[in-house]
Amino acid sequence: MVTTNDLYFLDFDKLFENYADKYYNEHSADYESPDDFAHDLDKVYHIWATSPQDAIGGISPSEFFNRIPTEELPDILRGACIGDRNPSSLLFDRIATEPSLLPELEKLAEETTDEKLLTVTLSIIDELGGAGDKFYLDMIERDVDDAVKEMCVGALCERADRVKNELLDRAEHTDDVNMLEIYAEPLTFCKAGDDRILELLRMLLGIDPNTAYIAGLTARYGDERAAADLYALLDDCDYPTFLELRNAIETLGGSVDEHYRDFTDDPSYGILKGVK
């Protein structure tokens with residue numbers, strides 16, 4: 001006997017795929033090619049989501065998820081991420097209508113080690129307006145997937161001025177270059193002129209092998225005092241890095257002659273210029 005709990009973990013994507021195939025076969029005369037049908041997938045998905053489906057007891061998928069008690073949603077989300085399972089977008093949408101679940105979702109993200117569950121949970125938290133500053137500050141220091149860190153760094157970039165002092169304090173207590181890069185990115189969204197941010201960028205220009213990336217951060221921060229540090233790196237870099245340094249210097253109000261150096265012996269120069 002199939003229970004409601006079993007239905008929570010049905011492959012709803014597969015159910016829709018089957019529905020879409022059947023819909024296309026029944027309406028193929030309306031489309032010149034499958035590519036034309038692809039443009040209608042959002043419409044077909046809405047039809048499927050709001051139409052009774054035998055596989056879930058004769059109610060629509062939207063109604064099925066809307067009937068789930070709010071307090072059960074986090075556990076269902078956990079179960080929907082186990083193994084090869086993937087949560088339906090309808091489950092995602094349902095949870096994202098419940099602001100009261102935000103504290104529990106934050107706790108779930110803090111405790112889980114499952115990358116899939118963590119990614120989905122963070123996306124829902126974002127839909128609900130985001131978590132507290134400390135949540136993201138702590139999350140970027142965890143050993144998690146790069147995509148997860150990028151999501152959290154993005155959230156911190158949006159609140160850079162508010163978390164500036166905390167980021168700078170953490171930066172002072174580590175010599176991990178990767179972490180210093182992560183701290184620096186949100187800080188470059190702050191107003192230019194803070195000596196502490198300038199010194200962090202200058203330090204990274206001196207020790208970080210990813211010079212082009214740090215040059216881009218420095219340009220975005222916009223403190224003209226960093227131009228001298230960028231000029232100093234022009235004599236010892238490959239051509240792609242030279243371009244990033246030059247762009248950064250020009251962003252800060254300086255200038256670099258295009259023929260400042262001869263890069264004809266640099267393989268990357270030939271590739272970028274199309275020279276054999």
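Numbers for residues simply follow the sequence, beginning at 1.
Using a 4.5 Å heavy-atom threshold, the side chains of Glu199 and Arg196 count as separate. No side-chain heavy atom of Asp93 sits under 4.5 Å from any side-chain heavy atom of Phe65. Between Gln53 and Ser51 the shortest side-chain heavy-atom distance falls below 4.5 Å. Side-chain contact between Met139 and Leu118: present, with at least one pair of heavy atoms (C-beta onward) separated by less than 4.5 Å. Two residues are said to be in side-chain contact when any heavy atoms from C-beta on lie closer than 4.5 Å; Asp208 and Leu180 fail this criterion. Side-chain contact between Pro87 and Cys81 is present, with at least one heavy-atom pair separated by less than 4.5 Å. Side-chain contact between Asp238 and Thr241 is present, with at least one heavy-atom pair separated by less than 4.5 Å. Between Pro61 and Ile56, the closest side-chain pair of non-hydrogen atoms falls below 4.5 Å.
Sorted by first and then second residue, the side-chain hydrogen bond (donor to acceptor under 3.5 Å, both in side chains) pairs involving residues 172-183 (not counting sequence neighbours) are Glu141-Tyr183. Among pairs with a residue in residues 18-28, none fulfils salt bridge (Lys or Arg N to Asp or Glu O under 4.0 Å), at least two apart in sequence or across chains.
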Original post:
Could you walk me through whether Arg78 and Asp114 pass the salt bridge (charged side-chain N to carboxylate O under 4.0 Å, His left out) check?
Top reply: CA-CA 10 Å; Arg78 287 188 188 92; Asp114 182 86; over 6 Å; no

Subject >> Asp35 and Ser33: CA distance, side-chain angles, deciding distance, side-chain hydrogen bond (donor to acceptor under 3.5 Å, both in side chains) verdict >> reply: CA-CA 5 Å; Asp35 287 341; Ser33 72; 4.6 Å; no

Original post:
Checking side-chain contact (heavy atoms from CB on, under 4.5 Å) for the pair Tyr136/Arg159: CA distance, chi angles, key distance, verdict?
Top reply: CA-CA 11 Å; Tyr136 295 111; Arg159 53 186 83 183; 3.6 Å; yes

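Nearest heavy-atom pair, Leu7 versus Ala55, reported as atom, atom and distance to 0.1 Å: CD2-O, 3.5 Å. Of all non-hydrogen atoms in Gly83 and Lys116, the two that sit nearest each other are O-NZ, 2.6 Å. Looking at every heavy atom in both residues, Phe189 comes nearest to Ala160 through CB-CB, 3.8 Å. Contact record, Leu204 with Ala184: CD1-CB, 3.8 Å, taken as the closest heavy-atom pair. Across all their heavy atoms, Ala248 and Ala215 have their closest contact at CB-O, 3.5 Å. Contact detail for Cys152 and Leu122: the closest heavy-atom pair is SG-CD1, 4.1 Å.
Taking the side-chain hydrogen bond (donor to acceptor under 3.5 Å, both in side chains) definition, one finds that Asp138 meets it with Lys134, Arg170, sequence neighbours left out. Residues passing the side-chain contact (heavy atoms from CB on, under 4.5 Å) test with Glu250, sequence neighbours excluded: Arg246, Asn247. Residues passing the salt bridge (Lys or Arg N to Asp or Glu O under 4.0 Å) test with Glu158, sequence neighbours excluded: none. Looking at residues two or more places apart in sequence or on another chain, you find a ring-ring contact (aromatic ring centres under 6.0 Å, His included) between Phe242 and Phe263. Listed by chain and residue number, nothing satisfies the salt bridge (Lys or Arg N to Asp or Glu O under 4.0 Å) test with Asp266 (two or more places apart in sequence, or in another chain). Residues that satisfy the ring-ring contact (aromatic ring centres under 6.0 Å, His included) test with Tyr23, not counting sequence neighbours, are His27. Partners of Lys149 according to the side-chain hydrogen bond (donor to acceptor under 3.5 Å, both in side chains) rule, which considers only residues two or more places apart in sequence or in another chain, do not exist here. Checked against side-chain contact (heavy atoms from CB on, under 4.5 Å), Asp229 has the following partners two or more places apart in sequence or in another chain: Arg202, Leu205. Take Tyr231 and apply the side-chain contact (heavy atoms from CB on, under 4.5 Å) test, not counting sequence neighbours, and it matches Ala227, Leu234, Ile249, Val256.
For Asp257, the CG atom counts as densely surrounded, since its 6.0 Å shell holds more than 12 non-hydrogen atoms of other residues, nucleotides or ligands. Counting non-hydrogen atoms of neighbouring residues, nucleotides and ligands closer than 6.0 angstrom, the CG atom of Asp236 reaches no more than 12 such neighbours. Open room surrounds CG on Asp265; 12 or fewer heavy atoms of other groups in view lie less than 6.0 Å from it.
Both Val153 and Tyr221 sit in one connected hydrophobic cluster of ILVMFWY residues. Membership requires side-chain heavy atoms under 4.5 Å apart, directly or through other members. Linking Ile, Leu, Val, Met, Phe, Trp and Tyr residues whenever their side-chain heavy atoms come within less than 4.5 Å places Leu90 and Leu15 in a single cluster. Following chains of ILVMFWY side-chain contacts shorter than 4.5 Å, one cannot reach Leu117 starting from Ile82, and the two form parts of different hydrophobic clusters. In the hydrophobic clustering of this structure, Val163 does not group with Leu198; members are Ile, Leu, Val, Met, Phe, Trp, Tyr whose side-chain heavy atoms approach within less than 4.5 Å, directly or through other members. Both Leu73 and Leu128 are members of a single hydrophobic cluster when ILVMFWY side chains are connected at heavy-atom separations under 4.5 Å.
Side chains of Asp126 and Ser123: a donor-acceptor N/O pair is absent below 3.5 angstrom, by distance only.
Salt bridge absent: Asp11 and Arg85 never bring a charged side-chain N and a carboxylate O closer than 4.0 Å. No salt bridge links Arg261 with Asp235; every basic N to acidic carboxylate O contact stays at or beyond 4.0 Å. Look at Lys14 and Glu17 and you find a salt bridge, because one of the NZ, NE, NH1 or NH2 atoms lies within 4.0 Å of a carboxylate O, short of that distance. Note on Asp194 versus Lys164: salt bridge recorded, some NZ/NE/NH1/NH2 to OD/OE distance being below 4.0 Å.
Here the straight-line distance linking atom OG1 of Thr121 with atom CG of Leu77 works out to 5.0 Å at 0.5 Å rounding. Taking CZ of Phe16 as the start and OG of Ser89 as the end, the distance is 9.0 Å to the nearest 0.5 Å. Put simply, CG on Asp54 and CD1 on Ile59 are 12.0 Å apart, with the number rounded to the nearest 0.5 Å. Taken to the nearest 0.5 Å, the NE2 atom of His46 stands 10.0 Å off from the OG atom of Ser60.
Below 30°, between 30° and 60°, or above 60°: for Phe12 and Trp48 the angle between ring planes is above 60°, a perpendicular geometry.
Under a 3.5 Å cut-off, the side chain of Arg142 and the backbone N or O of Glu110 do form a donor-acceptor pair. One N or O on the side chain of Thr119 and one on the backbone of Glu115 form a donor-acceptor pair closer than 3.5 Å. With Thr112 contributing its side chain and Ala109 its backbone, the two residues share no donor-acceptor pair below 3.5 Å.
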Could you pull out every donor-acceptor pair under 3.5 Å between side chains of residues 96-107 and any protein atom, sequence neighbours left out?
unit_1, atom_1, unit_2, atom_2, d
Thr97, OG1, Arg94, O, 2.6
Glu98, OE2, Thr70, OG1, 3.2
Glu98, OE2, Arg94, NH1, 2.7
Lys107, NZ, Glu111, OE2, 2.8

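Side-chain rings of Phe64 and Tyr8 approach one another, their centers coming within less than 6.0 Å.
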